[in-house]
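Since the structure comes first, as structure tokens, the remarks are kept for the end.
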2 protein chains.
Amino acid sequence: MRTVTIADVAKHAGVAVSTVSYVLSGKRAISATTRQRVLESVRTLGYHPNAGARALASKRANVIALVLPLRAGMNLPVLMQFATSVVTTARQYDHDVLLMTADEGPDGLRRVAASALVDGLLLMDVEIHDPRVPLLRELTEPSVLIGFPADPEGLTCVDLDFARAGALCVDHLVDLGHREIALLGAPRVVYERGTGFAERTMAGFADEMRRRGLVPDARPCEESFDEVYEAVKLLLEERPGVSGIVVHNESAAGHVLGALRMLGRRVPEDVSVVAICPDDVAERAGPALTSVLIPAGDVGDQAVRLLMAKLDGQQVPQSTLLQPRLTVRESTR
Amino acid sequence: MRTVTIADVAKHAGVAVSTVSYVLSGKRAISATTRQRVLESVRTLGYHPNAGARALASKRANVIALVLPLRAGMNLPVLMQFATSVVTTARQYDHDVLLMTADEGPDGLRRVAASALVDGLLLMDVEIHDPRVPLLRELTEPSVLIGFPADPEGLTCVDLDFARAGALCVDHLVDLGHREIALLGAPRVVYERGTGFAERTMAGFADEMRRRGLVPDARPCEESFDEVYEAVKLLLEERPGVSGIVVHNESAAGHVLGALRMLGRRVPEDVSVVAICPDDVAERAGPALTSVLIPAGDVGDQAVRLLMAKLDGQQVPQSTLLQPRLTVRESTR
DNA sequence: CCTTCGCATCGAAGCGCTTCGACGACACCG
DNA sequence: CGGTGTCGTCGAAGCGCTTCGATGCGAAGG
């Protein structure tokens, strides 16, 4: 069962190889009748263009690299949602996705780019001082980053507007009448790593609090139940008047509710809680959490569109911030 | 900045193109001095073989497809861990990984296989009656499945031995002296989908219970806190003597602990809980859960090895079951 | 009626690599 | 000392596709 080549299709349809190619690519006008004949031959023979040959001749692999962080502590659901939307959107542009892990480092990127395995790169979870950023600048292949390095000059970056997300939580709680509000953030290590999004949320939270004439109180928060419990307990002891809590830590969100329950605080009667997390986590919690959505799907989608535009030679904005959206559920009042 | 080709390397080293190729592939003997000279040229010029050309000439893309399920309700951490280990192991064999989603269906598989984009396929989360299985049988490209379809004849399947995992939980609890033991499983929809692993766990649990002269009680379990709470409440009402609970539902595991706490049962003093879940989930819970590990990493690793063996023309076993391992933590006594 | 033009199609030249057969050079054997 | 290998290297033929320039043809124009 030899595989079907373009030559087989050409012979079957009684045309030249180049004609088949033009029918398939649409790069030259072909008469309707010929086109039909060719397409039918393609169908009956079950022809699939050889990817390698196509890449070699056209200098386009129609594959993009998706570089995901794999270190533990990543926000898995968000990551998966993101990956899924990247693959789905890429397919809409007739591209496939090569999966890479961040631990291949700059060398891995150089390898796939230089070998023409991929036409462009999508990097998730870029850090403030990311060793891969200088490389991306010198690569001829276009790239799109999720997250912001210290200096985004000359790059294309996409992210959720985390500062706005933090502010949004404040707005919601203050509008409900709460005055004493605290933020429980990501584990300390995340801030130390300098991924950016955690700081930006805190900053947005703090700025908005101050703008409203209130005193911000923001703290990192670990992820195990016991540590969350201790953090909540400490918070309530130090600031007994706290009536609003913003949680920017997906794994901890459920534990915060459990801790409050154990500490005799009812949600939302005594304390209102807003989380910044995916919808499914918010809905699964008891009570269901009012939350600001991390639109991972939109981010992936948008990132692919930007990359495709760059591959197309178009100019794209250096920075794209996606607007967060707050959904009211049962945990705030 | 034209990209460096093998011809450039050959000229720089003063040898024929074919000699460079043989140095790089090791398929023919090359004198040590020539080899050195070539390798040095490769390094100084920064040569990376063009993937398309290589694939075209050698009929090997050095890429494997990884097909992941993307429907909601999947066990994300396990999935990511799996994907990570697949990528890492594939790289050890000098292969890259093309990421696909299950919703591309059989056509997607046919496309990447027929276009020679990939040399082999790795499918995760195969269902009992999976529409892709017949296709895999007729494809010339080798494949490895994670999970078992109804008829694994002629295929290569890898999975955790879930029946054994269920039995292992029973053994642990019974050895501790517990007699009345219940299993809280996956959401009902998972059983209906027929993914297999959930049923197999239940069967292993039930068989071992009966073998021990005990009465099995196994129930599906949804994932939201409220539903878990109701399920636990109902269980305690119907079977007040229950002193051991096996949870085979990662999202629910934490909620089960919370529900028991709210219902006035201490863990492990009043009730012992064993979970079947990844270690990080077990460790993050309060109290830390005694658990049977889902060794997602090993599964991915093993799957890649099997696929590489098949690509190599070797014979491999039709079925590979990975043995589960129980880790005792704080939730059983 | 002959030229001019545009459309539809063809043929051939690569793209960068692997691989096969060939060919010197040299060592070894009888 | 001429055959017979062996080793290391070379040249050339593709792999299946895209793309460029050329070409045949009918319609439009003078």
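Every value quoted in this text rests on a predicted model; they were computed, and no experiment measured them. Note on naming: letters A, B, ... go to the chains in the order of the sequence lines (proteins, then strands), and numbering restarts at 1 for each one.
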Phosphate OP1/OP2 of [N] contacted by [X] side-chain N/O (<4.0 Å):
{"X": "K27(B)", "N": "dT19(C)", "result": "yes"}
{"X": "Y47(B)", "N": "dC17(C)", "result": "yes"}
{"X": "S21(B)", "N": "dT19(C)", "result": "no"}
{"X": "T19(A)", "N": "dC10(C)", "result": "yes"}
{"X": "R28(B)", "N": "dT9(D)", "result": "no"}

For [Y], does its backbone N or O pair with a side-chain atom of [X] as donor and acceptor, under 3.5 Å?
{"X": "R35(B)", "Y": "I30(B)", "result": "yes"}
{"X": "D8(A)", "Y": "T5(A)", "result": "yes"}
{"X": "D312(A)", "Y": "A309(A)", "result": "no"}
{"X": "K310(A)", "Y": "V316(A)", "result": "no"}
{"X": "D159(B)", "Y": "F197(B)", "result": "no"}

Exercise: do [X] and [Y] side chains pair donor with acceptor under 3.5 Å:
{"X": "S115(B)", "Y": "H48(A)", "result": "no"}
{"X": "T34(B)", "Y": "S31(B)", "result": "yes"}
{"X": "S85(B)", "Y": "T88(B)", "result": "no"}

Side chain of V17(B): nearest nucleotide among dC10(C), dT18(C), dA8(C)? dT18(C)

Nearest to the side chain of A16(B), which nucleotide is it out of dG8(D), dC10(D), dC17(C)? dC10(D)

Global bending angle along the helix from dC1(C)-dG30(D) to dG30(C)-dC1(D), which compares the axes of five pairs at either end, to 10 degrees: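 Both end axes considered, the difference amounts to 50°.
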
I need the [atom1]-[atom2] distance between [X] and [N], as an integer number of Å.
{"X": "I30(A)", "N": "dG6(C)", "atom1": "CD1", "atom2": "P", "value": "18 Å"}
{"X": "R54(A)", "N": "dG16(D)", "atom1": "CZ", "atom2": "P", "value": "15 Å"}
{"X": "Y22(B)", "N": "dA12(D)", "atom1": "OH", "atom2": "C1'", "value": "12 Å"}
{"X": "R37(A)", "N": "dA8(C)", "atom1": "CZ", "atom2": "P", "value": "14 Å"}
{"X": "H48(A)", "N": "dC15(D)", "atom1": "NE2", "atom2": "C1'", "value": "19 Å"}
{"X": "R35(B)", "N": "dT9(D)", "atom1": "CZ", "atom2": "C1'", "value": "13 Å"}
{"X": "K11(A)", "N": "dT9(C)", "atom1": "NZ", "atom2": "P", "value": "20 Å"}
{"X": "L45(A)", "N": "dG16(D)", "atom1": "CG", "atom2": "C1'", "value": "15 Å"}

Any donor-acceptor N/O pair under 3.5 Å between dG11(C) base and S18(A) side chain: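 Pair found.
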
May I ask you to decide whether E138(B) forms a salt bridge with R110(B), counting only side-chain N to carboxylate O separations under 4.0 Å?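 Counted as a salt bridge, because a side-chain N and a carboxylate O are separated by less than 4.0 Å.
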
For DNA chain D, determine which residues of residues 56-63 of chain B have any heavy atom closer than 4.0 angstrom to one of its atoms, and list them numerically.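 The stretch gives L56(B), A57(B), K59(B) as the residues lying under 4.0 Å from the strand, ordered by number.
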
E153(B) atom CD: more than 12 heavy-atom contacts under 6.0 Å: no

